[in-house]
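Here the structure comes first, spelled out in structure tokens, and everything after it is commentary.
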Amino acid sequence: MIINPILPGFNPDPSICRVGDDYYIATSTFEWFPGVQIHHSRDLANWELVTRPLNRASQLDMRGNPDSCGVWAPCLSYADGLFWLVYTDVKRFEGSFKDAHNNIVTAPAIEGPWSDPIYVNSSGFDPSLFHDDDGRKWFTNMQWNHRPEARNTIGHAKFDGILLQEWDPKTKRLTGPIKNIFEGSKQGLVEGPHVFKRNGWYYLTTAEGGTGYDHVVTMARSRAIDGPYEMHPNTHLITSKDAPEAVLQRAGHGQYVETADGAAYHTHLCGRPMQPKRRCTLGRETGLQKGVWKEDGWLYLEQGGVVPAVEVPAPHGAVKREEPVETVRTFDSADLPKEFQWLRTPHPERLFSLTERAGRLRLFGRESIGSWFEQSLVARRQEHHRFRAETRLEYSPETYQQVAGLTHYYNRFKFYALGVSTDEKLGRSLIILSCPGNYPSGDLTFPIGMGQSIPEGAIDLAMEITDNDLQFFWRPVGEGAWQAIGPVLDAGVISDEGGFGEHGSFTGAFAGMFCFDITGQGRPADFERFVYRRG
């Protein structure tokens with residue numbers, strides 16, 4: 001049985017492909033580096049993170065990218081003995097424009113080596129590459145419109161239809177006419193195009209309705225790749241927009257895949273909101289639905305209707321394996337544990353080292369927490385509504401402008417951080433830095449004021465998230481009793497909907513370690529371990 005979401009926590013815009021008996025899903029990583037997560041499975045029920053291919057400056061440099069920009073909606077495919085990965089690097093979030101640059105990288109194996117990027121276009125985001133059975137390749141993306149009205153679509157003016165153009169793999173450039181092939185449905189905001197072919201029909205799935213609670217997967221088909229496209233009898237293949245009681249909300253934006261024996265499945269993103277404010281603290285996750293082809297030549301969900309199911313039949317009776325209750329990372333390797341990422345920069349040596357001090361993750365104090373350029377923050381996804389994170393820290397700050405510790409982080413406007421610092425009156429101390437959705441100012445609040453004095457020496461820090469509540473803890477190393485510090489904080493703010501609202505941001509919550517030194521001296525902090533324990 002497949003249990004949704006198959007990729008819990010921040011894993012949106014799932015693009016899926018099959019190569020033999022192997023399945024791969026690529027998901028968006030936005031401002032987190034390295035770019036694009038690729039998971040692997042052989043049974044569709046159990047998935048493992050295998051690579052993040054955009055891992056060097058020649059492929060991706062997001063310094064200066066605003067929150068929720070960076071890598072949007074990748075498309076992963078396999079043809080001609082190569083994996084093809086198409087991705088967008090979005091440079092602007094607010095205002096009438098989206099500077100969205102689309103690129104292609106390839107690799108002979110999923111682990112790499114991945115090529116340097118080939119630039120394609122910048123006319124819109126959500127690019128996709130379709131390999132036709134006649135050897136031709138076709139590139140699609142949504143078209144962004146900065147004008148007050150759209151000429152090629154209905155609904156929201158900025159989403160101006162789906163563009164199609166041929167890709168020439170020999171010259172490595174687009175060729176031939178550009179055609180707007182699909183205006184979308186009345187749901188509006190058409191994006192996320194993917195094309196596949198079956199029985200002489202070209203099927204086009206798109207995302208519509210925005211990536212909030214009106215999100216949908218829309219399906220259309222045509223005998224010619226450039227249209228005209230007719231709409232699915234139900235218009236939408238997958239959506240929860242009219243089912244507020246469904247566990248999986250915000251369902252939309254996915255891709256079709258077939259097993260080797262012809263069984264049909266379709267990915268989609270989804271969210272699991274926490275009541276009472278319907279905030280998705282785990283961000284947008286990846287789900288998978290089973291489909292059936294009917295005599296009319298259209299795909300439908302096997303369970304009927306359009307609402308995604310939590311439990312879905314797996315091929316050959318596969319069973320979801322039990323996940324570990326606790327993951328303990330001690331930093332004994334020269335490589336960062338695979339679940340951890342950092343923000344924006346392709347130069348991690350400026351942020352951290354796993355070799356400068358054996359058995360420690362050393363973070364070098366850089367810019368302030370929330371910086372869009374160079375901040376030392378190494379974190380992993382929150383994957384459960386209830387969890388506990390712990391770390392052990394050795395740090396000797398010399399000024400209050402040097403802080404290191406543990407954080408529950410979404411972006412510069414939504415985070416809580418328990419940090420070790422120093423104060424003119426308190427001496428070495430703990431302080432809580434809070435930005436509970438203060439958009440657009442980003443002003444901090446201070447739940448324990450100027451802080452609390454602590455002794456010298458190594459210190460353990462922890463946080464417990466229980467649904468919408470967060471509590472920080474601390475203790476000196478060697479002393480058994482954990483001490484709560486500060487009030488219970490609103491963990492629900494660390495969500496897509498927190499602060500600016502439903503469409504203001506769309507990544508996910510992380511738990512991790514941070515260090516900043518706004519004196520510019522780069523004072524380091526050493527972290528001995530990191531523990532993530534699901535509730």
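Numbering starts at 1 and runs along the sequence shown. Note that this is a predicted model, so its numbers are computed, not measured.
- A 4.5 Å side-chain heavy-atom check between R381 and Q37 finds at least one atom pair inside the cut-off.
- When each of R392, R357, R360 is paired with D526, the salt bridge (charged side-chain N to carboxylate O under 4.0 Å, His left out) condition holds for R357 and for no other.
- With respect to R92 and D99, no salt bridge is recorded, no charged nitrogen being found less than 4.0 Å from a carboxylate O.
- Classified by interplanar angle (parallel below 30°, tilted 30° to 60°, perpendicular above 60°), the ring pair Y256/H266 is tilted.
- Taking the charged nitrogens against the carboxylate oxygens, R250 and D496 do have a contact shorter than 4.0 Å, which makes a salt bridge.
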Kindly list each side-chain donor-acceptor pair under 3.5 angstrom involving residues 269-278, sequence neighbours excluded, with atom names and distances?
| unit_1 | atom_1 | unit_2 | atom_2 | d |
| --- | --- | --- | --- | --- |
| R272 | NE | E285 | OE1 | 2.9 |
| R272 | NH2 | E285 | OE2 | 2.7 |
| R278 | NH2 | Q249 | OE1 | 3.0 |

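- Looking at K320 and D43, no side-chain N of the basic residue comes within less than 4.0 Å of a carboxylate O on the acidic one, giving no salt bridge.
- In this pair, F93 and F506 present their aromatic rings tilted. The plane angle is within the 30 to 60° band.
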### Message
Could you walk me through whether D126 and H253 satisfy the side-chain contact (heavy atoms from CB on, under 4.5 Å) test, starting with their C-alpha distance in whole Å, then the side-chain angles of each, then the deciding distance to 0.1 Å, before giving a yes or no?
### Response
CA-CA 10 Å; D126 293 2; H253 200 137; 3.5 Å; yes

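- Between R279 and E497 no salt bridge is recorded (no basic side-chain N to carboxylate O distance below 4.0 Å).
- The pair R412-E31 fails the salt-bridge criterion, with no side-chain N (NZ, NE, NH1 or NH2) lying under 4.0 Å from an Asp/Glu carboxylate O.
- Between L336 and L354 the shortest side-chain heavy-atom distance falls below 4.5 Å.
- Checked options F30, Y87, W72; the residue passing with F125 is W72 (criterion: ring pair (Phe, Tyr, Trp, His ring centres under 6.0 Å)).
- Ionic pairing of R321 and E48 is not present here: no N-O contact between side-chain nitrogen and carboxylate oxygen is shorter than 4.0 angstrom.
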